[in-house]
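When a residue number appears, it is its place in the shown sequence, counting from 1. One-based numbering, in listed order, for ligands and for the atoms of each.
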Amino acid sequence: MRSKIVAGNWKMNKNLTETEALVSELVAKVPDTTAEVIIAPTFVNLQSAAKHVENSIIQVAAQNMHFADNGAFTGEISAEMLKDIDVDIVILGHSERRSHFGETDDLLAKKVNQAIEKGMRVIFCFGEELEDRKSGNHFNVVASQLKNGLYALPAEAWSKIVLAYEPVWAIGTGETASPEQAQEMHAFIRKEIEEAYNSGISEKVTILYGGSVKPNNAEEIFSQPDVDGGLIGGASLKCDDFTAIIKAI
Ligand code: PGA
């Protein structure tokens with residue numbers, strides 16, 4: 001059985017007071033589930049969030065990380081810094097990092113390698129733009145993002161990789177991929193990984209869907225056989241919505 005995950009990407013939202021309030025509410029209300037529940041507050045609030053979730057099933061992830069051990073990289077955060085505050089999961093490759101901050105496949109491959117080397121788990125995000133989907137190039141785009149970002153990894157590293165397929169046109173737009181579109185792409189991703197590695201790895205890797213997942217559509221999306229959970233943006237900022245999505249899994 002693959003592990004199921006519901007992860008909340010808080011992006012650049014919630015100050016410390018708001019973070020503590022939402023984390024406390026989540027800790028109190030998180031439903032009983034066999035799925036993993038992860039939240040990713042902004043860097044400055046990670047330490048507080050990590051402390052607040054200590055006695056709950058909730059885990060805390062960072063939204064980004066640098067590829068170097070340390071040094072002259074003003075404004076950046078290293079894997080060791082995250083691990084030191086008990087954060088050992090990192091989201092890498094989010095489309096907002098790729099488009100607003102120029103993160104390329106090559107840079108992401110370095111970040112992924114560093115995270116794995118440091119014993120962290122990676123939620124690796126990728127997905128096509130609207131033009132790619134319209135022109136029918138979406139499978140090629142996804143295949144190349146996977147290849148360039150991840151295929152330098154040795155087989156044993158894949159136990160630390162979670163994939164998050166997030167079609168860019170569905171992020172924050174209110175437009176979700178249909179359950180059939182999500183399933184079609186997730187099955188394709190699994191096939192690609194089987195070809196690059198083997199079926200042991202492809203059948204085991206958790207593949208999340210992200211892009212306007214809400215309480216009213218989560219169940220239908222999660223019911224697809226190759227969809228193992230979700231990476232949730234906007235709806236993870238409200239306790240009731242996020243817990244409803246956790247219940248849907
Ligand atoms: P959204 O964001 O749920 O607000 O569309 C998803 C994401 O960016 O991970």
Side-chain angles (χ1 to χ4, degrees), residues 4-14 18-19 22 26 35-43 45-46 49 58-65 87 89-103 108 111-112 115 121-130 132-133 138 141-142 145-146 149 161-179 181-182 185-186 189 205-224 227-249:
K4 306 247 180 202
I5 298 176
V6 179
N9 175 10
W10 291 12
K11 309 190 180 183
M12 197 174 71
N13 293 294
K14 306 275 180 200
E18 293 162 344
T19 297
L22 180 54
L26 284 171
E36 287 188 61
V37 177
I38 298 172
I39 55 170
T42 187
F43 279 129
N45 299 325
L46 279 178
I58 301 171
Q59 303 171 76
V60 170
Q63 299 173 17
N64 181 28
M65 194 195 88
V87 174
I89 308 172
V90 62
I91 298 172
L92 293 174
H94 191 279
S95 70
E96 287 149 19
R97 299 289 324 162
R98 292 175 189 259
S99 65
H100 303 321
F101 304 100
E103 296 203 357
L108 289 167
K111 291 187 176 199
V112 170
R121 286 171 80 196
V122 174
I123 300 176
F124 183 78
C125 307
F126 54 94
E128 82 281 3
E129 310 256 351
L130 185 58
D132 303 318
R133 173 130 322 236
H138 45 299
V141 168
V142 162
Q145 287 171 325
L146 287 171
I161 299 286
V162 172
L163 301 177
Y165 167 61
E166 299 201 298
V168 177
W169 46 272
I171 295 177
T173 58
E175 189 170 343
T176 26
S178 68
Q181 284 173 322
M185 184 58 90
H186 283 221
I189 292 163
V205 67
T206 294
I207 311 179
L208 311 180
Y209 168 81
S212 299
V213 176
K214 308 283 178 210
N216 64 4
N217 60 23
E219 199 170 332
E220 214 187 350
I221 295 171
F222 294 164
S223 68
Q224 300 301 311
V227 177
D228 307 313
L231 181 56
I232 322 297
S236 71
L237 297 170
K238 290 192 192 129
C239 182
D240 290 349
D241 285 358
F242 193 54
T243 51
I245 292 170
I246 297 166
K247 278 190 196 125
I249 205 153

* **Heteroatom proximity flag, Gly210 to ligand 1, N/O under 3.5 Å** => no
* Decide yes or no on side chain to side chain donor-acceptor pair (under 3.5 Å) for Trp10 and Gln63, but give the supporting numbers first. => CA-CA 8 Å; Trp10 291 12; Gln63 299 173 17; over 6 Å; no
* Got the closest protein heavy atom to atom 3 (O) of ligand 1, with its distance? -> Gly233 N, 2.9 Å
* To do: Identify, by atom number and element, the atoms of ligand 1 in contact range of Gly234, meaning under 4.0 Å from any of its heavy atoms.
  => 1 (P), 3 (O), 4 (O)
* Show your working on salt bridge (charged side-chain N to carboxylate O under 4.0 Å, His left out) between Arg98 and Glu166 and close with a plain yes or no. => CA-CA 12 Å; Arg98 292 175 189 259; Glu166 299 201 298; over 6 Å; no
* Asked: Considering only heavy atoms from C-beta outward, does the side chain of Val60 approach that of Ile39 to under 4.5 Å?
  -> yes
* To do: Taking all non-hydrogen atoms of both residues into account, name the closest pair between Tyr209 and Ala182 and its distance.
  => CD1-CB, 4.0 Å
* Asked: Is the closest heavy-atom distance from Lys214 to ligand 1 below 4.0 Å?
  -> no
* **Contact check, Ser236 vs ligand 1, heavy-atom distance below 4.0 Å** => no
* Output the list of atoms in ligand 1 that are nearer than 4.0 Å to some heavy atom of Gly172, sorted by atom number. => 1 (P), 4 (O), 5 (O)
* **With sequence neighbours excluded, residues passing side-chain contact (heavy atoms from CB on, under 4.5 Å) with Thr173** => Glu175, Ser212
* Atoms of ligand 1, numbered as shown, that sit under 4.0 Å from any heavy atom of Ala170 -> 5 (O)
* Is there a nitrogen or oxygen of Thr173 sitting under 3.5 Å from a nitrogen or oxygen of ligand 1? -> no
* **Shortest non-hydrogen separation from Ala170 to Ala177 and the atoms involved** => CB-N, 4.2 Å
* Structure fact -> Here the pair of heavy atoms bringing Gly127 nearest to Val168 is O-CG2, 3.8 Å
* Has ligand 1 got any nitrogen or oxygen that is less than 3.5 angstrom from a nitrogen or oxygen of Gly211? -> no
* Are any of the heavy atoms in Ala235 under 4.0 Å away from ligand 1? -> no
* Structure fact -> Near Ser212 (heavy-atom distance under 4.0 Å), the atoms of ligand 1 are 1 (P), 3 (O), 5 (O)
* To do: Run the numbers for me: atoms of ligand 1, each under 4.0 Å from some heavy atom of His94, listed by number.
  => 7 (C), 8 (O), 9 (O)
* Asked: Nearest to atom 9 (O) of ligand 1, what protein heavy atom do you find, and at what distance?
  -> Glu166 OE2, 2.6 Å
* Asked: Mind checking what makes side-chain contact (heavy atoms from CB on, under 4.5 Å) contact with Thr206, not counting sequence neighbours?
  -> Arg2, Ser3, Ile5, Val162, Leu208, Asp228
* To do: Verify side chain to side chain contact (heavy atoms under 4.5 Å, CB included) between Gln59 and Arg121, making sure each step is shown before the conclusion.
  => CA-CA 12 Å; Gln59 303 171 76; Arg121 286 171 80 196; 3.8 Å; yes
* Can you tell which part of Ala164 has a heavy atom less than 4.0 Å from ligand 1: side chain, backbone, both or neither? -> neither
